[in-house]
Amino acid sequence: AASTLPIILVQIFAANRSASLRPNLPGYTVLRTLITLCGSAFVTYTFTHLPLAQCYAIFFTMPLMITVLAWPLLGERIDPWRGLFVLIGFAGVLFALQPASTDFQLAHLTAICGATTGALNSLILRKIGHREKAGVILLYPILGQTLGAALIMPFVWLPLTVLDGQIVVLMGILGALGGFLIISAYRVAPAIVVA
């Protein structure tokens, strides 16, 4: 997250040197920051306790959740075909997980919570995307993650190799680019289409 911050700040101030970092919708900004922090914790726990295939099988429910929740939260109706595909998608997740032969554990619950927080985060992006600057939308959740990591880091820190440092920088660049592209997508298309 810390490697993404400079990129976001450059984007904000490159467009306007006197740009404000104050969000137009502070309530949604606080909510997104909290959702992002919780989601990060859920996803980290999940990836460290479940096989990768199970993690992704559950995380693939996120676009399905976005589609289902976009109706009550954003007023974006689901046509019968999309509804059918959502049901097929959930059936596919159950098939991939094979519940009869899987020993469920806390990490399965955190995976579901991670997918849910990701879906809620996306729906908020869709709701505020036209009323908030892209850089500001990204800034506060990333700042929250950076501060959260700084509190944990003294207990888990291992020195980085040169390759680790390069990967961190690449993650920052790709994270910022991905964030800006997702915001752009939610500004021009309904949440159920972007999902």
Side-chain angles (χ1 to χ4, degrees), residues 23-132 134 136-138 140-142 144-145 174-175 177-195:
N24 294 326
L25 303 164
Y28 280 114
T29 300
V30 169
L31 182 59
R32 271 199 69 244
T33 301
L34 293 174
I35 287 172
T36 299
L37 288 172
C38 291
S40 297
F42 293 141
V43 169
T44 301
Y45 184 87
T46 300
F47 274 120
T48 57
H49 289 84
L50 281 184
L52 205 56
Q54 288 186 22
C55 294
Y56 277 105
I58 297 171
F59 292 144
F60 281 149
T61 62
M62 188 174 89
L64 304 173
M65 290 182 197
I66 291 170
T67 302
V68 170
L69 293 173
W71 187 356
L73 298 179
L74 300 175
E76 296 178 5
R77 294 203 171 273
I78 303 171
D79 61 51
W81 282 109
R82 283 195 178 111
L84 176 64
F85 289 129
V86 165
L87 292 176
I88 292 170
F90 278 119
V93 169
L94 288 175
F95 179 77
L97 285 176
Q98 300 176 357
S101 62
T102 301
D103 292 328
F104 285 94
Q105 52 186 291
L106 178 60
H108 289 95
L109 178 61
T110 60
I112 293 167
C113 291
T116 304
T117 54
L120 291 172
N121 205 337
S122 294
L123 293 167
I124 293 171
L125 278 178
R126 171 70 176 149
K127 188 168 187 72
I128 69 172
H130 291 291
R131 298 170 56 194
E132 197 71 81
V136 171
I137 289 174
L138 291 177
Y140 290 97
I142 295 295
Q145 286 179 314
L174 294 176
L177 178 61
F180 288 124
L181 291 174
I182 289 169
I183 290 167
S184 297
Y186 277 115
R187 284 180 173 167
V188 298
I192 58 176
V193 173
V194 176

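Quick note: numbers below take in every heavy atom, side chains included, and nothing from hydrogens, waters or symmetry partners.
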_Do T36 and Y140 make a side-chain contact, defined as non-hydrogen atoms from C-beta onward lying under 4.5 Å apart?_
no
*Considering only heavy atoms from C-beta outward, does the side chain of L52 approach that of F47 to under 4.5 Å?*
yes
*So do L120 and L73 actually touch side chain to side chain, heavy atoms under 4.5 Å?*
yes
*Starting at CG of L97, measure out to CD of Q54 and round the result to the nearest 0.5 Å.*
6.0 Å
_So for atom CZ, which belongs to R187, do other residues, nucleotides or ligands contribute more than 12 heavy atoms lying within a distance under 6.0 Å?_
yes
*asked:* Is there a side-chain contact between L34 and V30 in this structure, where contact means two heavy atoms from C-beta onward sitting under 4.5 Å apart?
replied: yes
*asked:* When you measure from the side chain of Q145 to the backbone of S40, do you find a donor-acceptor pair of N or O atoms at a distance under 3.5 Å?
replied: no
*Taking all non-hydrogen atoms of both residues, which atom of I58 and which atom of I112 are closest, and how far apart?*
CG2-N, 3.7 Å
*So how far is it from L31 CG to N121 CG, rounded to the nearest 0.5 Å?*
8.5 Å
*How far does CG of L138 sit from CZ of F180, to the nearest 0.5 angstrom?*
5.0 Å
*Quick one: pull up NE2 in H49 and CG in L106 and give me the separation to the nearest 0.5 Å.*
8.0 Å
*OH of Y45: more than 12 outside heavy atoms within 6.0 angstrom?*
yes
*Quick one: pull up OH in Y186 and CD1 in I137 and give me the separation to the nearest 0.5 Å.*
12.0 Å
*Does the side chain of Q105 come within less than 4.5 Å of L50's, by heavy atoms?*
yes
*Rounded to the nearest 0.5 Å, how far does CG of L84 lie from CG of D79?*
10.0 Å
_Smallest separation among heavy atoms of S122 and M62, with atom names_ = OG-CE, 4.5 Å
_Would you call the rings of F60 and Y56 parallel, tilted or perpendicular, taking 30° and 60° as the class edges?_
tilted
_Shortest non-hydrogen contact between A111 and T46, atoms and distance_ = N-OG1, 3.1 Å
_If you count every heavy atom of other residues, nucleotides or ligands that lies below 6.0 Å from F95 atom CZ, does the total exceed 12?_
no
*Are K127 and L25 close enough that some pair of their side-chain heavy atoms sits under 4.5 Å apart?*
no
*So, for R32 and P141, which heavy atoms are closest and what is the spacing to 0.1 Å?*
NH1-CG, 3.4 Å
*Short side-chain to backbone donor-acceptor contact, R126 and A185, under 3.5 Å*: no
_Closest non-hydrogen atom pair, T117 against G39_ = OG1-CA, 3.2 Å
*asked:* Tell me the closest heavy-atom pair linking F42 and T110, and the distance in Å.
replied: CB-O, 3.3 Å
